[in-house]
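Note that the coordinates shown come from a computational prediction; the quantities given were computed from them, not determined experimentally. Any value given below was found using the heavy atoms of this structure, including those in side chains, with hydrogens, waters and symmetry copies removed.
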Amino acid sequence: MATTDAQIERVRELVAAIPPGRVSTYGDIAVAAGLSTPRTVGWIMRTDSADLPWHRVLRADGTPAPHLAHKQLARLAAEGCPISGDRADLATARYRFDR
């Protein structure tokens, strides 16, 4: 099933709503956007996120994408996001979208 423009815009809205110092996961965004899989969020982030706070979106375990890890964690730390080793502390920093 193809991703619609409305789904893309909803994901963009959700990512834009994540405040500085907070993070969300691909799965959290997929649920909030009504998508069937976090992979769709990943695809949207790869293709249409240059103007978004992309660094606030992480894997389910709080780790960034390996090829962006250093840059992403540095940006998060600069915003005051709690970092523990190679991941964001999801228990503290996870942003919950209104249902």
Peer 1: Is there side-chain contact between V23 and L90, with at least one heavy-atom pair below 4.5 Å?
Peer 2: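 Answer yes - side chains close enough.
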Peer 1: Can you establish whether the number of heavy atoms outside D5 located under 6.0 Å from its atom CG is more than 12?
Peer 2: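 Count not over threshold, so no.
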Peer 1: Measure across P82 and G21 and return the closest heavy-atom pair with its distance rounded to 0.1 Å.
Peer 2: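 Smallest interatomic distance, heavy atoms only, reads CD-O, 4.3 Å.
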Peer 1: CD/E9 to CD1/I44 distance, rounded to the nearest 0.5 angstrom?
Peer 2: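 Going from CD on E9 over to CD1 on I44, the span is 9.0 Å.
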Peer 1: To the nearest 0.5 Å, tell me how far I8 CD1 sits from T40 OG1.
Peer 2: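 If we round to the nearest 0.5 Å, I8:CD1 and T40:OG1 are 9.5 Å apart.
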Peer 1: Side-chain contact, heavy-atom cut-off 4.5 Å: I83 with D89?
Peer 2: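 Not touching, per the 4.5 Å side-chain cut-off.
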Peer 1: Are the side chains of P38 and T25 in contact, using a 4.5 Å heavy-atom criterion?
Peer 2: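 No, too far: nothing below the 4.5 Å cut-off.
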Peer 1: Should E79 and R56 count as an ion pair when the cut-off is N to O under 4.0 Å?
Peer 2: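 Answer for the salt bridge query: yes.
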Peer 1: Any heavy-atom pair between the side chains of D28 and Y95 that's under 4.5 Å?
Peer 2: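 With C-beta onward as the side chain, the pair stays apart.
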Peer 1: What heavy-atom pair brings A88 and L73 nearest, and what distance separates the two atoms?
Peer 2: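 Nearest heavy atoms, A88 then L73: N-CD2, 4.4 Å.
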Peer 1: Between T4 (side chain) and Q7 (backbone), is there a donor-acceptor pair under 3.5 Å?
Peer 2: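 Yes; judged by distance alone, with no hydrogens or angles, the pair exists.
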Peer 1: Find out whether M45 and Y26 are in side-chain contact, i.e. whether some heavy atom of one side chain is under 4.5 Å from a heavy atom of the other.
Peer 2: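 A side-chain contact exists here, since the closest heavy-atom pair is under 4.5 Å.
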Peer 1: Is there a side-chain contact between R87 and L58 (heavy atoms, below 4.5 Å)?
Peer 2: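 No; the side chains remain at least 4.5 Å from each other.
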Peer 1: Do D48 and W43 have side chains that approach each other closer than 4.5 Å (heavy atoms only, starting at C-beta)?
Peer 2: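 Not touching, per the 4.5 Å side-chain cut-off.
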Peer 1: Of all the heavy-atom pairs spanning R75 and H55, show the shortest one and how long it is.
Peer 2: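 Nearest pair, atom of R75 first, then H55: CB-CD2, 3.7 Å.
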Peer 1: Between L35 and V11, is there a side-chain heavy-atom distance shorter than 4.5 Å?
Peer 2: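 Counting from C-beta outward, V11 and L35 do come under 4.5 Å.
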Peer 1: Any chance you could measure L76, atom CG, to K71, atom NZ, to the nearest 0.5 Å?
Peer 2: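 Here the rounded value is 12.5 Å.
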Peer 1: Can a donor-acceptor pair be found, under 3.5 Å and without considering hydrogens, that links the side chain of R22 to the backbone of R94?
Peer 2: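 Yes; judged by distance alone, with no hydrogens or angles, the pair exists.
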Peer 1: Taking all non-hydrogen atoms of both residues, which atom of Q72 and which atom of P64 are closest, and how far apart?
Peer 2: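 Closest approach of Q72 to P64: OE1-CB, 2.9 Å.
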